[in-house]
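Source: prediction; values computed, not measured.
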Amino acid sequence: MNKKATLLDDSAIRRSMTRIAHEILEKNKGVEGLILVGIKTRGIPLAERLREKISQIEGVDIPIGELDITLYRDDLSIQHEHNEPELKETKILEDITGKTIVLVDDVLFTGRTVRAAMDAIVDQGRPAQIQLAVLVDRGHRELPIRADFIGKNIPTSQEEVIVVELDETDRQDQVSIYEK
């Protein structure tokens, strides 16, 4: 793959996360009944960053969870034809029934990851509402899913790939676009 450009650097990612935190607070009129749930892998550090920003703004720590959607993927048999899928742990310590869940992920593309995440959440309880926060929305939806909170819309072609790198997982913060 050939790198075409860096679309977001560490400062742009930080500004996007601050804006998303404010938008979450505005839409939900504060933090009451709010739980952030990061979708493995890069959704988790993004959810942690949002929690930190919200804590700075409101002075309150809100609950956070981690969600593994591996077994909920509709393409599981295609991805893991010859070997078993690697399962990671789902950790949601709070009762989600009646709460507002904000799913957090790095890139929204076809919508299949979000559909799987919603299935996984509903298996944990019955939230009052599920919202979606993503750092990047690149279009090309296959399912009728849209994000409530978006760091940056980046229209792409099918031949392009968006790569999100975060300090917690990749030792740097940046979003880049590559040509296949």
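- A donor-acceptor contact shorter than 3.5 Å is absent between the side chain of K29 and the backbone of L25.
- With respect to E23 and R19, a salt bridge is recorded, a charged nitrogen being found less than 4.0 Å from a carboxylate O.
- Checking side-chain atoms of E58 against main-chain N and O of S55 turns up no donor-acceptor pair under 3.5 Å.
- Looking only at distances, no side-chain donor or acceptor of N28 sits under 3.5 Å from a matching main-chain atom of G30.
- Residue E32 qualifies as open at atom CD: its count of foreign heavy atoms under 6.0 Å is 12 or below.
- Without hydrogens or angle criteria, D148 side chain to L132 main chain gives a donor-acceptor distance under 3.5 Å.
- The main-chain N or O of T70 is found under 3.5 Å from a side-chain atom of D68 such that the two form a donor-acceptor pair.
- I150 and L8 are not part of a single hydrophobic cluster, where members link through side-chain heavy atoms under 4.5 Å apart.
- Here the closest non-hydrogen pair linking G111 and I145 is O-CD1, 3.2 Å.
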Under the side chain to side chain donor-acceptor pair (under 3.5 Å) rule, what do E160 and Q158 come out as? Steps first, then yes or no, please. CA-CA 6 Å; E160 293 171 320; Q158 292 283 7; over 6 Å; no

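- Of the possible donor and acceptor atoms, none in the side chain of R112 sits under 3.5 Å from a partner among the backbone N and O of E142.
- Salt-bridge formation is not detected for the pair D167/R49: no Lys NZ or Arg NE/NH1/NH2 atom is positioned less than 4.0 Å from an Asp or Glu carboxylate oxygen.
- Using modelled atom types, no side-chain atom of R42 and backbone atom of V107 make a donor-acceptor pair closer than 3.5 Å.
- Of all heavy-atom pairs spanning P45 and T169, the tightest one is CG-CG2, 4.4 Å.
- Here the rule is side-chain contact (heavy atoms from CB on, under 4.5 Å) with V37, and of D105, I44, I130, I101 only I101 fits it.
- Listed for the T97 side chain is no donor-acceptor partner under 3.5 Å among the backbone atoms of P127.
- Between K180 and E159, no side-chain nitrogen of the basic residue sits less than 4.0 Å from a carboxylate oxygen of the acidic one, so the salt-bridge criterion is not met.
- Atom NZ of K91 sits in a sparse spot, with 12 or fewer heavy atoms from other residues, nucleotides or ligands closer than 6.0 Å.
- K152 has no carboxylate O lying under 4.0 Å from a charged side-chain N of D137, or vice versa, which leaves the two without a salt bridge.
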